[in-house]
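To keep things clear, I will list the structure first and then write my remarks on it.
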Amino acid sequence: SIANKSFYNKWFEGSYFPKDYFHKIDSQYYDKNLEIIENIDNYIEGLSFEFPIVLKPSIDSYGGRDIHFVNSLEELSVLHPQFSNLVVQEKLKQSSMISRFNPDSINSIRVCLLKVDGEFVVINTSLRMGKDGSLDNETAGGIVCSISEEGKLNNFAVDKFCTKYFFHPNTEVVFDGEVIPFYPSLISTSQKIAKNIFNTDL
């Protein structure tokens, strides 16, 4: 069930994940509290959306596959029936520091943790960025820059073919010397989330 993105806000207390508008699980619609929605069209009409919003599969969405940025109710009404499992949520507004690398994509930081003697330790962290209109996923054309234990970016990023980029190819922002703000807080938050995921050591 950890692979189903519809359960994240229910499972993890706190505002770690984007706000949900509604879910679809095995073709049944649910509200943000995972209560059954009897009439999805009436439910959508009663919501106040701040477009663009994100519609994505809640399972099997690796590599950014089938993610849609929806800009109207008409577009939403065409898309949501096409999926058996989905989540519709707000589009994140990223910080100006992260956005500088590529404002055309939602860039993200991936924190990889391993449970050692009951505690989660950091294996590595990396900044993932879109490139040439792609999502930030490396498999979808994005690039990845490693982050040191002090929160400092590596001097180059790589794509899935291991091509090195010393600056972002679209914005020409240089990676070397950039520091991720609030890095210790990022790590402690990641560890806190990981502790709530059972039967998973990595």
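Note that this is a predicted model, so its numbers are computed, not measured.
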Which distance, rounded to the nearest 0.5 Å, do you find between the [atom1] of [X] and the [atom2] of [Y]?
X      : Y      : atom1 : atom2 : result
Asn154 : Ile147 : CG    : CD1   : 10.0 Å
Leu55  : Gln82  : CG    : CD    : 9.0 Å
Ile53  : Gln89  : CD1   : CD    : 9.5 Å
Arg110 : Ser190 : CZ    : OG    : 11.5 Å
Leu114 : Ile123 : CG    : CD1   : 4.5 Å
Arg100 : Ser95  : CZ    : OG    : 9.5 Å

**Prompt:** Does Lys32 make a cation-pi contact with Tyr21 (under 6.0 Å, within 45 degrees of the axis)?
**Reply:** no
**Asked** Considering all heavy atoms of both residues, which atom of Ala157 and which atom of Met129 are nearest to each other, and what is their separation?
**Response** CB-CE, 4.3 Å
**Prompt:** Which pair of non-hydrogen atoms, one from Leu47 and one from Phe22, has the smallest distance, and what is that distance?
**Reply:** CD1-CD2, 4.4 Å
Side-chain ([X]) to main-chain ([Y]) donor-acceptor, under 3.5 angstrom:
X      : Y      : result
Ser126 : Ser146 : no
Lys56  : Asp66  : no
His168 : Ile143 : no
Asp31  : Asn33  : yes
Ser188 : Ser185 : yes
Gln94  : Asn107 : yes
Ser148 : Glu150 : yes
Asp159 : Phe161 : yes
Asn85  : Pro57  : no
Asn170 : Lys131 : no

Do [X] and [Y] have side chains that get closer than 4.5 Å, going by heavy atoms?
X      : Y      : result
Ile36  : Gln28  : yes
Val88  : Leu76  : yes
Val54  : His68  : no
Phe49  : Leu73  : yes
Lys115 : Val121 : no
Lys91  : Ile106 : yes
Ile25  : Tyr30  : yes

**Message:** If we check side-chain contact (heavy atoms from CB on, under 4.5 Å) with Phe120, which of these qualifies: Ile193, Leu113, Asp201, Ile197?
**Reply:** Leu113
**Request:** Verify the cluster assignment for Leu127 and Phe167: are they in a single hydrophobic cluster under the rule of side-chain heavy atoms below 4.5 Å apart?
**Result:** no
**Request:** Could you label the plane-to-plane angle of the Phe101 and Phe175 rings as parallel, tilted or perpendicular, counting under 30° as parallel and over 60° as perpendicular?
**Result:** parallel
**Request:** Take Lys93 and Glu50 through the salt bridge (charged side-chain N to carboxylate O under 4.0 Å, His left out) test and state the conclusion after the steps.
**Result:** CA-CA 12 Å; Lys93 296 178 180 71; Glu50 188 175 334; 3.1 Å; yes
